[in-house]
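Numbering of ligands and ligand atoms starts at 1, following listing order.
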Amino acid sequence: MTNQMTIALTKGRIEKDTVALLKKAGFDMSFMADKGRNLIFESPDKKFRFLLVKAPDVTTYVRHGVADIGVVGKDVLIEHPMGYLEMLDLNFGLCKFTVASVPSYNPNDHKRKRIATKYPTVARDYFNKKGEDVEIISIQGSVEISPVLGLADAIVDIVETGNTLVANGLVVFEDICRISARLIANKAAIKNNPELMAFIKKIEAIVGNEEVPFK
Ligand code: PRP
């Protein structure tokens, strides 16, 4: 490999799962074992450089060509859909978008609902497709408390284990869609660097191209 490849990773679980995947693909990832508070890592042979960033910023680094590829959840791609190519479903980081609320919530109620969410695009699209005009209340986190406190009638949020819903007395009323980690790439990098495509093919051979369902 002649060109250095820069890979933007979503800090946290996706980063760890990606490092495990690359190990499985035969890459020596020991240079990332002792991370400390560093946010940029270069492999000893200089072939790879990893950036650890917040999820939405993965799309920004890839869109601007600072990173050639990135790994980020589909939830973030739905909210930030432009300026990159979505190449692979990595089949980890599995979870789903749901509509959840307190048990007394009535999804068939005809009054205009207030929906609290960190994902306004997902929420609006979902209710629009159902022909429902809802009021979206944007929340930055801890969305689960909003129906309990009367800020919203229901939430649109990610469910992984379901523990946060249970702990806050909420139940799932509707499943919206499956979410998983995706490999995205810069358009120009894909066009100009054949080694990048070879790398992606290698990863694809490991993850396969069959979608693992979220139960
Ligand atoms: C996410 C999501 C839920 C929780 C779901 O929040 O928004 O709150 O994880 O996980 P669970 O089903 O396994 O309980 P995050 O951890 O990103 O925190 P936040 O609410 O502060 O954004």
message: Quick check on atom 9 (O) of ligand 1 - does any protein heavy atom sit closer than 4.0 Å to it?
response: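 Answer no: nothing from the protein, no heavy atom, is under 4.0 Å.
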field: Nearest protein heavy atom under 4.0 Å from atom 22 (O) of ligand 1, yes or no
entry: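 Yes; the ligand atom in question has protein heavy-atom contact below 4.0 Å.
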query: Cut-off 3.5 Å, side chains only: do Thr164 and Glu144 have a donor facing an acceptor?
result: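 No donor-acceptor contact under 3.5 Å links the two side chains.
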- request: Could you verify whether a donor N or O on one side chain and an acceptor N or O on the other, from Asp89 and Ser180, lie under 3.5 Å apart?
  value: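 Yes, side-chain donor-acceptor contact under 3.5 Å.
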message: Please report whether ligand 1 has a polar contact with Gly162, defined as an N or O pair separated by less than 3.5 Å (distance criterion only).
response: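 So ligand 1 has an N or O lying under 3.5 Å from an N or O of Gly162.
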message: Taking 4.0 angstrom as the limit and counting only heavy atoms of Ser142, give me the atoms of ligand 1 inside it, by number and element.
response: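 By the 4.0 Å cutoff, the relevant atoms are 19 (P), 20 (O), 21 (O).
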field: Numbering as shown, the atoms of ligand 1 that approach Ile158 to under 4.0 Å (heavy-atom distance)
entry: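 Taking each heavy atom of Ile158 in turn, ligand 1 has 2 (C), 3 (C), 5 (C) under 4.0 Å.
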field: Check: Tyr126 ring centroid to Tyr119 ring centroid under 6.0 Å
entry: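 Judged by ring-centre distance (under 6.0 Å), Tyr126 and Tyr119 do not meet the cut-off.
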Centroid separation Phe41 to Phe31 less than 6.0 Å: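 Aromatic pair excluded; centres sit 6.0 Å or further apart.
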- prompt: How close does the nearest protein non-hydrogen atom get to atom 11 (P) of ligand 1, and which residue and atom is it?
  reply: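 It is Thr161 OG1, 3.3 Å.
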query: What residue and heavy atom of the protein are closest to atom 14 (O) of ligand 1, and at what distance?
result: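 Here the nearest protein heavy atom works out to Thr164 OG1, 2.4 Å.
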task: Using heavy-atom distances, let me know which of Lys118, Gln140, Arg13, Glu144 sits nearest atom 1 (C) of ligand 1.
output: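 Heavy atom nearest to atom 1 (C) of ligand 1 belongs to Lys118.
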query: Within 45° of the six-membered ring axis of Phe27 and under 6.0 Å from that ring's centre, is NZ or CZ of Lys202 located there?
result: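 Relative to the ring axis of Phe27, which defines the angle, Lys202 lies inside both limits.
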- prompt: Aromatic rings Phe48 and Phe199: how do their planes relate, parallel, tilted or perpendicular, breaks at 30° and 60°?
  reply: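 Taking Phe199 first and then Phe48, their aromatic rings sit tilted (interplane angle of 30° to 60°).
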